[in-house]
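The first residue in the sequence is number 1, and the count goes up from there.
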Amino acid sequence: MSPRRPAKPVGTPEPPPQPLKDAPEVGPGGLASVDVKDVVQADRQMRPFAAKGWIDAPGTAGIRPPLYRDLTGDGNPELIVAADAQTGRTALTVYTAEGTRTVPILFTVGRRMAAEAVGGDLLLRTAADDGSEQAVRYHWDGERMRVVSDERRYSKSLADCDSGQGPQPKRTDRFGQVCE
């Protein structure tokens, strides 16, 4: 019997994230000192959302105010930009600075998305029409943000189950006749 060889990797390896070509140069102030509108215009995946303009909060179509969180653990905050579409979907990109260049390290799309930092991880929650919520947690792997957990939770109970909204037993007399 011959020794087993390691299995070949499945799928095609992803190329490392590349800096945005026409993004503004990142100075000593980091990504917080860069004009977010210029970053969005330089990113072909986020550029279409710029036409809808900028919004103050989720709910209408446009680009939300940026967030800054250190997700790579280098002590410098990454730039998180989310844009809402009229369809109820949200596109989100995380950018990091490599020297003076801006590099997108995560792009994802979801329905009614909310983002929060959990330690050095990014947690994205999306809502579905069936009452479920998907929570995807991303962690920096040294090259890009990678999924470390993906959970779907169902928070709505069916009306006939334990919600108290289902059919209630009717009061009957001792002969089984319904009492009104």
Side-chain angles (χ1 to χ4, degrees), residues 10-24 26 30-32 34-72 77-98 101-159 163:
V10 178
T12 308
E14 296 176 64
Q18 297 300 309
L20 297 175
K21 270 186 159 181
D22 299 320
V26 179
L31 287 170
V34 173
D35 187 339
V36 178
K37 292 177 183 177
D38 292 340
V39 173
V40 169
Q41 286 296 329
D43 187 344
R44 67 177 178 76
Q45 291 180 301
M46 291 298 285
R47 189 179 310 131
F49 297 100
K52 294 294 179 187
W54 295 80
I55 57 177
D56 294 331
T60 59
I63 299 176
R64 297 180 193 175
L67 299 173
Y68 298 91
R69 301 288 185 276
D70 182 9
L71 299 173
T72 61
E78 275 59 54
L79 168 63
I80 304 167
V81 178
D84 295 321
Q86 290 174 326
T87 61
R89 299 191 62 79
T90 303
L92 181 135
T93 302
V94 176
Y95 302 96
T96 193
E98 286 183 1
R101 308 292 310 266
T102 302
V103 181
I105 56 173
L106 173 68
F107 175 78
T108 189
V109 177
R111 187 162 170 79
R112 298 186 305 231
M113 187 182 299
E116 63 184 281
V118 178
D121 292 352
L122 181 67
L123 182 65
L124 299 180
R125 297 180 193 275
T126 56
D129 290 333
D130 66 358
S132 67
E133 174 188 79
Q134 184 174 11
V136 181
R137 189 170 183 158
Y138 293 88
H139 183 78
W140 175 246
D141 73 355
E143 187 173 272
R144 65 175 45 92
M145 300 298 292
R146 296 248 189 224
V147 173
V148 292
S149 69
D150 185 348
E151 296 178 16
R152 183 172 294 269
R153 297 181 193 128
Y154 293 89
S155 57
K156 283 187 180 177
S157 61
L158 296 174
S163 67

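Considering only heavy atoms from C-beta on, L31 stays 4.5 Å or farther from P77 through its side chain. Counting only heavy atoms from C-beta outward, the side chains of Y138 and L106 approach each other to under 4.5 Å. The shortest side-chain heavy-atom distance between Y154 and D130 falls under the 4.5 Å cut-off. Taking the side chain as every heavy atom from C-beta outward, L79 and V39 approach each other to under 4.5 Å. Residues F107 and L92 are not in side-chain contact: their nearest non-hydrogen atoms beyond the backbone lie 4.5 Å or more apart.
For D35, the side-chain contact (heavy atoms from CB on, under 4.5 Å) partners are K37, D38, not counting sequence neighbours. Residues passing the side-chain contact (heavy atoms from CB on, under 4.5 Å) test with P19, sequence neighbours excluded: R101, V103. Qualifying side-chain hydrogen bond (donor to acceptor under 3.5 Å, both in side chains) partners for T102, counting only residues two or more places apart in sequence or in other chains: none. Here P16 pairs with Q18, E143 under the side-chain contact (heavy atoms from CB on, under 4.5 Å) rule; sequence neighbours left out. Contacts of D43 classified as salt bridge (Lys or Arg N to Asp or Glu O under 4.0 Å), with partners at least two apart in sequence or in another chain: none. Scanning for side-chain contact (heavy atoms from CB on, under 4.5 Å) contacts around T126 gives M113, Q134, with sequence neighbours left out. By the salt bridge (Lys or Arg N to Asp or Glu O under 4.0 Å) test, R69 is found to be paired with no residue, residues two or more places apart in sequence or in another chain being considered.
In summary, of the residues considered (I105, D141, V94), a side chain to side chain contact (heavy atoms under 4.5 Å, CB included) with T72 occurs for I105 alone.
Residue T60 holds its OG1 atom at 9.5 Å from CD of Q86, rounded to the nearest 0.5 Å. Within the model, atoms CD1 of I80 and OH of Y68 stand 10.0 Å from one another, a figure rounded to the nearest 0.5 Å. The CG atom of L71 lies 9.5 Å from the CH2 atom of W140; values are rounded to the nearest 0.5 Å.
For the pair E78 (side chain) and T96 (backbone), a donor-acceptor distance under 3.5 Å is absent.
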Point to revise | Candidate pair L123 and V136, rule side-chain contact (heavy atoms from CB on, under 4.5 Å), full reasoning | key: CA-CA 6 Å; L123 182 65; V136 181; 6.0 Å; no
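In the displayed structure, R44 atom CZ is contacted under 6.0 Å by at most 12 heavy atoms of other residues, nucleotides or ligands.
Each side-chain hydrogen bond (donor to acceptor under 3.5 Å, both in side chains) pair with one or both residues in residues 106-124, not counting sequence neighbours, appears once here: R111-D129, E116-R125, D121-R137, D121-H139.
Shortest non-hydrogen contact noted between A61 and A85 is CB-C, 4.2 Å. When all heavy atoms of A57 and P65 are compared, the pair lying nearest together is N-CD, 4.4 Å.
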List the atom pairs, with distances to 0.1 Å, where a side-chain N or O of residues 46-55 and a protein N or O form a donor-acceptor pair under 3.5 Å, not counting sequence neighbours.
| residue | atom | partner | partner atom | Å |
| --- | --- | --- | --- | --- |
| R47 | NE | Q41 | O | 2.7 |
| R47 | NH2 | Q41 | O | 3.2 |

